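Below you'll find the structure, written out as structure tokens, and then a few comments.
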Amino acid sequence: MSIDMLTIPAQCVAESRISELDYNNIEFGKIFSDHMLVADYKDGKWQNPQILPYGNMSLSPATSALHYGQSIFEGMKAYKDANGDLLLFRPLDNFRRLNKSAERMCMPAITEDIFMQGLEQLLKLDAAWVPPTSGCALYIRPFMFATDEFIGVRPSSNYRFTVFTCPVGAYYGQPLKVAIEPQYVRSAEGGAGFAKAAGNYGAALLPARNMQERGYHQLIWTDAKEHKFIEESGTMNLMFVIDGKLITPPVSTTILAGITRDSVLTLAKDLGYTVEERKVSVDELEEAYKAGKLQEAFGTGTAATIAQIATIHYNGQDMHLPVVEEREISNRIANELDKIKTGQAPDKHNWVHRISL
Ligand code: COI
């Protein structure tokens, strides 16, 4: 079915909850827009896409996703431009990545028409929930989970795909203190670290909490074999500026291929900076720090956008980075990216999907 031919039936709310939203005081992930998209996979195909009032779902206690973790998700954002049009940032990249995660988790691919048409219709209905406020956005959470009522371990035959949205402010409220993880592992070669699978996040909670109890906001994962090379951090890819060059670990089977990561690298090249995608060792960071060459460190992610790192802890020592205001590359790129996403700068890479109301 082509995108044009699909019109998803909608059951709209009798009364919007929008008056509960204070545009000037939005916390991440706590308030949800009026509607959600739901589609079910059964008998080998996606069926019955519909838009419903946002609300609870009824599930059997034997729902297989709850037991064996066939559950994947995406995170994307929409903004409003000066004319009130909605601007979705790189939705097709999220669509493709969701299907890569689905393949790894032995789940069916969602179709482009349900994903894109569903998003368009959902966003048009809930356009008032897209905050016009600077630094805020509508966060969009597509996800898919296994719905077989069966507790034998096997790939489910039935799945649910859902998209809900929530207006959000900043994910991290301040420059981060992070610590390099010397013991736990997020992902190993051949595992599912590149997939946005729910279990990857669940397994990260204990090590992250341990670091938080020691006074750090997040941890930096290192490679599974030697704990020698930097991987990613919490919900973000990582980037460093060493001696004027923007350096980031390459994506691999253990690292999520971040869409913000790719956008930042593309803009950095456009702006004429030297970009290196290569392994970064903990030793290299320490040496650069001691030589005064570790100029910037930051995380990139949809929720986090560009999150500055103030301090990196390793082996009993804190490395304190230059103040955020002095960081040329990350500040310049963050500003440029923000302008593209909100329609204030030309979109020469065709990243923005416009929805006119
Ligand atoms: C995102 O950046 O969209 C993420 O997936 C992080 C999320 C777990 C809050």
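The analysis underlying the following values was restricted to heavy atoms, covering all of them including side chains, and did not include hydrogens, waters or symmetry mates. Given the structure is predicted, the values throughout are model-derived calculations rather than measurements. We number each residue from 1, following the sequence as shown.
The shortest distance between side-chain heavy atoms of Y216 and H313 falls below 4.5 Å. When side chains are defined from C-beta on, F95 counts as touching E112, because their heavy atoms get closer than 4.5 Å. Taking the side chain as every heavy atom from C-beta outward, C166 and L138 never approach each other to under 4.5 Å. S16 is listed as a side-chain neighbour of W129, based on a closest heavy-atom distance under 4.5 Å. Side chains of I72 and F143 form no contact here, defined as non-hydrogen atoms less than 4.5 Å apart. Side-chain contact check for R327 versus Q295: every heavy-atom pair is 4.5 Å or farther apart. For the pair I140 and L88, the minimum side-chain heavy-atom distance is below 4.5 Å. In this structure, the side chains of T254 and R186 stay at 4.5 Å or more apart for every pair of heavy atoms.
Other residues, nucleotides and ligands place no more than 12 heavy atoms under 6.0 Å from the CD atom of E103. Counting heavy-atom neighbours within 6.0 Å of Q317 CD, excluding the residue itself, gives a total of 12 or less.
A distance of 9.5 Å separates CG in N94 from CE in M116, rounded to the nearest 0.5 Å. Annotation: the span from I333 atom CD1 to E328 atom CD amounts to 9.5 Å, rounded to 0.5 Å. Taking CG of L219 as the reference point, atom CD1 of I180 lies at 10.5 Å (rounded to 0.5 Å). Residue E276 holds its CD atom at 5.0 Å from NZ of K245, rounded to the nearest 0.5 Å. Y314 OH to E286 CD: the interatomic distance, rounded to the nearest 0.5 Å, is 6.5 Å. To the nearest 0.5 Å, the span separating NZ on K228 from OG on S281 amounts to 7.0 Å.
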> Should K42 and S157 be marked as a side chain to side chain contact (heavy atoms under 4.5 Å, CB included) after you check the CA-CA gap, both sets of side-chain angles, and the distance that decides it?
Replying inline: CA-CA 7 Å; K42 53 180 173 221; S157 303; over 6 Å; no
> Run the side chain to side chain contact (heavy atoms under 4.5 Å, CB included) check on L285 and I242 step by step: do they pass?
Replying inline: CA-CA 8 Å; L285 285 187; I242 300 178; 4.1 Å; yes
> When you look at I8 and Q117, which way does the side chain to side chain contact (heavy atoms under 4.5 Å, CB included) test go after all the steps?
Replying inline: CA-CA 8 Å; I8 296 172; Q117 186 70 44; 4.3 Å; yes
>> Please evaluate residues E336 and L267 with respect to the criterion side chain to side chain contact (heavy atoms under 4.5 Å, CB included), reporting the C-alpha separation (whole Å), side-chain torsions for both, the decisive distance (0.1 Å), and the verdict.
In response: CA-CA 8 Å; E336 190 63 25; L267 291 181; 4.2 Å; yes
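Side-chain atoms of D148 never come within 3.5 Å of backbone atoms of F150 as a donor-acceptor pair (strictly under, hydrogens ignored). Checked by atom type and distance alone, the side chain of N83 never pairs as donor or acceptor with a backbone atom of D85 at under 3.5 Å. A donor-acceptor pair under 3.5 Å is formed between the side chain of D126 and the backbone N or O of H35. Side-chain atoms of D34 do not come within 3.5 Å of backbone N or O of C12 as any donor-acceptor pair. The main-chain N or O of A198 is never found under 3.5 Å from a side-chain atom of S71 such that the two would form a donor-acceptor pair. Without hydrogens or angle criteria, T133 side chain to Y23 main chain gives a donor-acceptor distance under 3.5 Å. In terms of modelled atom types and a separation under 3.5 Å, the side chain of T266 and the main chain of D262 share a donor-acceptor contact. Within the 3.5 Å criterion, the main-chain N or O of T311 finds no donor-acceptor partner in the side chain of D318. The backbone N or O of I110 lies less than 3.5 Å from a partner atom in the side chain of N99, making a donor-acceptor pair. Using modelled atom types, no side-chain atom of N158 and backbone atom of D40 make a donor-acceptor pair closer than 3.5 Å.
A307 and L176 make their closest contact through CB-CD1, 4.1 Å (heavy atoms, listed as atom of the first residue, atom of the second, distance). Contact record, V163 with L122: O-CD2, 3.6 Å, taken as the closest heavy-atom pair. Of all the heavy atoms in A224 and S187, the pair that sits closest is CB-O, 3.7 Å. Contact between G84 and L357 at its shortest, heavy atoms only, is O-CD1, 3.7 Å. The two residues A257 and R97 have their closest heavy-atom pair at O-NH1, 3.1 Å. Of all heavy-atom pairs between H353 and P91, the closest is CB-CG, 3.6 Å.
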Kindly list each side-chain donor-acceptor pair under 3.5 angstrom involving residues 203-213, sequence neighbours excluded, with atom names and distances?
residue	atom	partner	partner atom	Å
Q212	NE2	H217	O	3.1

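Between F145 and Y159, the distance separating the two ring centers is not shorter than 6.0 angstrom. Y201 has its ring centre less than 6.0 Å from the ring centre of F73.
Two different hydrophobic clusters hold I114 and F164 under the rule that ILVMFWY side chains link at heavy-atom gaps under 4.5 Å. Note on L37: it clusters hydrophobically with F115, by side-chain heavy-atom contacts below 4.5 Å among ILVMFWY residues. Using a 4.5 Å cut-off between side-chain heavy atoms of Ile, Leu, Val, Met, Phe, Trp and Tyr, with links allowed through other members, Y273 and M239 fall into the same hydrophobic cluster. Tracing side-chain contacts under 4.5 Å through hydrophobic residues (I, L, V, M, F, W, Y), one never reaches V168 starting from I18; they form parts of separate clusters. W221 and I230 sit in two unconnected hydrophobic clusters of ILVMFWY residues. Membership requires side-chain heavy atoms under 4.5 Å apart, directly or through other members.
The only option from L321, I312, T248 that meets the side-chain contact (heavy atoms from CB on, under 4.5 Å) definition with F240 turns out to be I312.
Salt-bridge check for K341 with D347: failed, with every basic side-chain N at 4.0 Å or more from each acidic carboxylate O. At a threshold of 4.0 Å, the pair E231-K279 does not count as salt-bridged, since none of the basic side-chain nitrogens sits closer than that to a carboxylate oxygen. A salt bridge links R96 with D93: at least one charged nitrogen is closer than 4.0 Å to a carboxylate oxygen. Salt bridge K30/E27: present, at least one basic N to carboxylate O contact under 4.0 Å. Look at E74 and K196 and you find no salt bridge, because none of the NZ, NE, NH1 or NH2 atoms lies under 4.0 Å from a carboxylate O.
A donor atom on one side chain and an acceptor atom on the other are not found under 3.5 Å apart for E284 and Y289. Using modelled atom types, one finds no donor on one side chain facing an acceptor on the other under 3.5 Å when comparing E181 with T222. Side-chain N/O atoms of Q308 and S330 include a donor and acceptor closer than 3.5 Å. For the 3.5 Å distance criterion, the side chains of S33 and T165 qualify, holding a donor opposite an acceptor.
Under the 4.5 angstrom side-chain criterion for Ile, Leu, Val, Met, Phe, Trp and Tyr, the cluster partners of I151 are Y68, V153.
The aromatic rings of F161 and W46 stand perpendicular to each other, their planes meeting at an angle above 60°, with 30° marking the opposite boundary.
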